[in-house]
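Below is one structure, written out as structure tokens; comments come after it.
Every value quoted in this text rests on a predicted model; they were computed, and no experiment measured them.
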Amino acid sequence: MSDKSSITVTLPDGSSLNVPRGSTPADVAHEIGARLAKSALAAKADGAVVDLARPLEHDVRLEIITEKSPEALELLRHSAAHILATAVRQVRPEAKIGFGPPIEDGFYYDFEVNEPFTPEELQEIEARMREVVRCNDPFERRVVTKQEARELFRDDPLKLERLEELGPEDVITVYRNGPFLDLCRGPHVPATGAVQHFKLLSAAGAYWRGDERRQMLQRIYGTAWFTEKDLEEYLHRLEEARRRDHRRLGRELGIFSVHPEAGAGLIHWHPRGALIRHTIEEFLKRTLLENGYDLVYTPHVASEELYRISGHIPTFVENMFAPMEQEGSERFRLKPMNCPNHIMIYRSETRSYRDLPIRYAELGTCYRFERSGVLHGMMRVRGFTQDDAHIFCTPEQIGDEYMRLLDLVGFMMTTFGYEYHVVLSTRPDKAIGDPAVYDAATDELRRVLDVRGLDYRVEEGGGAFYGPKIDIQLVDALGREWQGPTLQLDFNLPERFQLEYIGADNKPHRPVMIHRTLLGSMERFVGGLIEHYAGAFPLWLAPEQVRVLPITDDVRASAAELTDQLRRSGIRAHLDDRAETLGYKIREAETLKVPCMAVIGKREADAGTVAVRRRGTGRKQEVMPRPELIARLRRELESRALS
RNA sequence: GCUGACGUAGCUCAAGCGGUAGAGCGGCUGCCUUGUAAGCAGCAGGUUAAGGGUUCGAGUCCCUUCGUCAGCUCCA
């Protein structure tokens, strides 16, 4: 119990402390120990993160935030953003300040400036930031009235705009560090000196408030960490991502190319890439047939009428290629998606409840006119082949179908070596139809996820207007997340196309549809795999599985024979009988990331053996009888082993 | 689409203030017959992205178009 002049502070370990009213978390940290006082950055008071210098007025549960705390990096980066703005104001006194939040792995700050920042200027700004850090100015919080704030930011129109959105119930706070003052909710680290390990990364335009109709500001990105080691590790991760870039590896490994003459965003699959794709497609189709899907093919163009019925015109037009005009004919469109065509097939006969579920799958090639600025290697293109399927079923079958889908997703992702997260998206405000139907379906998806024991995140209101969905987020070898499979329920298209099936009651009923993709598009999926594997595809996917390397011309025949044996066993093998040294041939095979090198010298030719060197293992070779090599490779292929 | 940067041989990159476009790798030819990540030599390869302009003279300066990259906005 505390009297009027003191308050009780309860610490995370359950112990409590009496301190004078108005003490700060810094005081409390000091009370606990000198070490903690030194490492304290901020505090969590009754769950809310506050500054170390914020006076405590009531009894409170208090937790001191240090580098180790989960909130700490965000705090550090937010303060780093202020330091950035401080420096920018020195270099560009005219700069108007926008927002400067922490983001994953770093921070940014948006400025309205007369001229965009140059790379050299970024270096200068970074140098000035180090000055600001050296000054170790405290971050001082102050509560102000709206009128005061208007006065303080009278030269910063962007801040004023934000200010006017604050309501009377909002506490308006400003933070000062040295010469720099910002309208900011905080909290911050105690002083600029806490931000030691940082680097500015890039500058680029960014629309004010993310609205392309508003003016473009100049955004500077940076990263900040608590230790030099963390910073270096992060920069190393960026480097690693560059090293794995599918655009670079795609060219070096002979996987794909794009050509201005042929059109931006249109992928040309080279033989090696085509073989990877073929292997995946074959595996996928076999799996789908085993799982009760029917394969279909539908045309690449369709009459505009189809998209008027589906509703894609007008909602999707800006993503579609312009119509093709034909004399004496209706207008045609390149298809941007496969669903309307699959619906045509469904509608081609009267369906009975006994036929359902019907699962149509197609590797359907679609074309979308993506805005030029978004094109990116194989990941974002204008022509792509979707691993698409549409399941038509009764409302009662939804749960069962999702159960099967989740199993299939798990199988596929494990096969390619991806970890994944599951996200359930629920009804948004703009949803059509009976909310009860939408919610019941959502509950069913929830139940299915629970039955399968999957951990999942819920994105409230994140669903499409036409139905809830389950999204799968892939985690690749670098820990980056990618949009993976999506399992989208649709109440809308069956309605628009007036789909029916005859029920057991001999009356027509409306089926529901599930749009699902497991791999997304072949382009994006293979692009992702290149980066996931860093170009080193596992044996079963590698376009060239074995390279046979004769050391001299004398053993060429023996090596050619082995190549034939491998090929007859269903192994993709090539003979490299060029007049080059073994070292040269090995270097090239390693560069192309061929999983297995089979070396034949005089010893091996005489003994009928082969010296096997696996990719990336250096000089460690293993000599074995040739049938054994074939048997081992066969086993590895059949298991689709990942390494 | 927007902002900025960039576009030189197949690839990676050079070419003060505007003054005859170079190198390595790769390719081809020949020699070498090679034992675990680059053997030696020679040769070919360019309307400097395309188009226009300024200039005695443009890879270099200006404009337009196309493309690429970093972001923004938007999505398989």
Using the rule for Phe, Tyr, His and the six-membered ring of Trp, do A:Phe384 and B:rA76 stack at under 5.5 Å and under 30°? yes
With a 4.0 Å cut-off on heavy atoms, is A:Gly583 in touch with a base, just the backbone sugar-phosphate, or nothing at all? sugar-phosphate
Name the closest nucleotide to the A:Ser521 side chain, picking from B:rA76, B:rA37, B:rG4. B:rA76
Within the 4.0 Å heavy-atom criterion, would you say A:Ala203 contacts the bases, only the backbone, or no part of the nucleic acid? nothing
Separation of the P atoms in B:rC11 and B:rU73, to the nearest angstrom: 33 Å
Can you tell me the distance, in whole Å, between the CZ atom of A:Arg213 and the C1' atom of B:rC2? 14 Å
Ignoring the backbone of A:Lys602, work out which of B:rG35, B:rU68, B:rU73 is nearest its side chain. B:rG35
Please pick, from B:rA76, B:rC72, B:rU34, the nucleotide with the shortest atom-to-atom distance to any side-chain atom of A:Ile551. B:rU34
Can you tell me if the side-chain N/O atoms of A:Arg619 get under 4.0 Å from OP1 or OP2 in B:rA37? yes
Separation of the C1' atoms in B:rU48 and B:rG42, to the nearest angstrom: 27 Å
So what does A:Gly520 touch, heavy atoms closer than 4.0 Å: a base, only the sugar-phosphate, or nothing? sugar-phosphate
Pick the C1' atom in B:rA21 and in B:rG16, then give their distance to the nearest Å. 16 Å
Using whole Å, what does the distance between atom C1' of nucleotide B:rC11 and atom CG of A:Leu249 come to? 14 Å
With a 3.5 Å cut-off and heavy atoms only, can you find an N or O donor on one side and an acceptor on the other between the side chain of A:Glu261 and the base of B:rA50? no
Options B:rC2, B:rG39, B:rU12, nucleotide nearest the side-chain atoms of A:Met216: B:rC2
Between A:Leu375 (CG) and B:rC72 (C1'), how many Å, whole number? 15 Å
How far does the C1' atom of B:rG22 sit from the matching atom of B:rG46, given to the nearest Å? 11 Å
Charged N to carboxylate O below 4.0 Å: is that the case for A:Arg244 and A:Glu239? no
A:Arg614 with A:Glu636: basic N within carboxylate O range, under 4.0 Å: yes
Any N or O donor-acceptor pair linking the side chain of A:Arg380 to the base of B:rC74 at under 3.5 Å? yes
Taking 4.0 Å as the cut-off, does a side-chain nitrogen or oxygen of A:Thr517 come that near to OP1 or OP2 on B:rA76? no
Answer yes when A:Glu590 and A:Arg587 have at least one side-chain N-carboxylate O distance shorter than 4.0 Å, and no when they do not. no
If the threshold is 4.0 Å, N to carboxylate O, is there a salt bridge linking A:Arg248 and A:Glu531? no
Proximity to the side chain of A:Arg219 - top-ranked nucleotide from B:rG35, B:rC72, B:rG1: B:rC72
Rounded distance in Å between the P positions of B:rA76 and B:rG39: 49 Å
Donor-acceptor pair under 3.5 Å: do we get one between A:Arg371's side chain and the base of B:rU73? yes
B:rU33 - base-pair partner by Watson-Crick or wobble geometry, distances under 3.5 Å: none
Which part of the nucleic acid, if any, lies within contact of A:Glu604, taking any heavy atom under 4.0 Å across all strands shown: a base, the sugar-phosphate backbone alone, or nothing? base
Compute both the distance and the angle, then confirm whether A:Arg77 meets the cation-pi test with A:Trp225: under 6.0 Å from the six-membered ring centre, within 45 degrees of the axis. yes
Would you mind classifying the nucleic acid contact of A:Tyr221 as base, sugar-phosphate or nothing, using non-hydrogen atoms under 4.0 angstrom? sugar-phosphate
By the 4.0 Å heavy-atom rule, please label A:Val381 as base, sugar-phosphate, or nothing. base
For the pair made of CD in A:Glu580 and P in B:rA41, what is the distance, rounded to whole Å? 14 Å
For A:Val599 and A:Asn319, find the nucleotide of RNA chain B closest to each by heavy atoms; which residue's nucleotide sits nearer the 5' end? A:Val599
Expressed in angstrom and rounded to an integer, what is the separation of A:His390 atom NE2 from B:rA76 atom P? 12 Å
A:Arg524 side chain: which of B:rG1, B:rC72, B:rC75 is closest? B:rC75
Nearest-Å distance once atom P is located in both B:rC31 and B:rC69: 44 Å
Is there a side-chain polar atom (N or O) of A:Arg247 under 4.0 Å from OP1 or OP2 of B:rC69? yes
Using a distance-only test with no angle check, is there a side-chain donor-acceptor pair under 3.5 angstrom linking A:Thr298 and A:Lys335? yes
For A:Lys620, answer base if it contacts any base atom (sugar-phosphate contacts may also be present), sugar-phosphate if it contacts only those atoms, and nothing otherwise; contact means non-hydrogen atoms under 4.0 Å. nothing
Could you work out the separation of B:rG35 and B:rC28 based on their P atoms and round it to a whole Å? 23 Å
Testing B:rG4, B:rC74, B:rG35 for proximity to the side chain of A:Arg603, the answer is B:rG35
Can a donor-acceptor pair be found, under 3.5 Å and without considering hydrogens, that links the side chain of A:Thr385 to the backbone of A:Gly364? no
Sugar-phosphate only, base, or nothing, as touched by A:Gly373 at under 4.0 Å among non-hydrogen atoms: base
Taken to the nearest whole Å, CZ/A:Arg578 to C1'/B:rA37 is 14 Å
Say we look at B:rC13 and B:rG18: how far apart would their P atoms be, to the nearest angstrom? 25 Å
Per A:Glu590 side chain, nearest of listed nucleotides B:rA37, B:rC72, B:rG67: B:rA37
Say whether, by atom type as modelled, one donor and one acceptor occur between the side chain of A:Gln545 and the main chain of A:Arg572 under 3.5 angstrom. yes
When you measure only distances, ignoring hydrogens and angles, does the side chain of A:Tyr108 come within 3.5 Å of the base of B:rG71 through a donor and an acceptor? no
Looking only at B:rA37, B:rC72, B:rU3, the nucleotide nearest the A:Gln218 side chain is B:rU3
Does a side-chain N or O of A:Tyr207 approach OP1 or OP2 of B:rC74 to a distance below 4.0 Å, or not? no
May I ask you to verify if any side-chain N or O of A:Tyr584 is less than 4.0 angstrom from the OP1 or OP2 atom of B:rG26? yes
Taking only N and O in the side chain of A:Ser202, is any of them less than 4.0 Å away from OP1 or OP2 of B:rA70? no
Along RNA chain B (nearest heavy atom to each residue), the more 5'-positioned of A:Ala611 and A:Gly263: A:Ala611
Pi-cation contact, A:Phe111 with A:Arg92 (under 6.0 Å, within 45°): no
Between NE2 of A:His376 and C1' of B:rA76 the distance, given in whole Å, is 14 Å
Looking only at N and O atoms, is any donor in the side chain of A:Glu588 or the base of B:rG26 less than 3.5 Å from an acceptor on the other one? no
For the pair A:Glu281 and A:Arg277, find out whether any cationic side-chain nitrogen is under 4.0 Å from an anionic carboxylate oxygen. yes
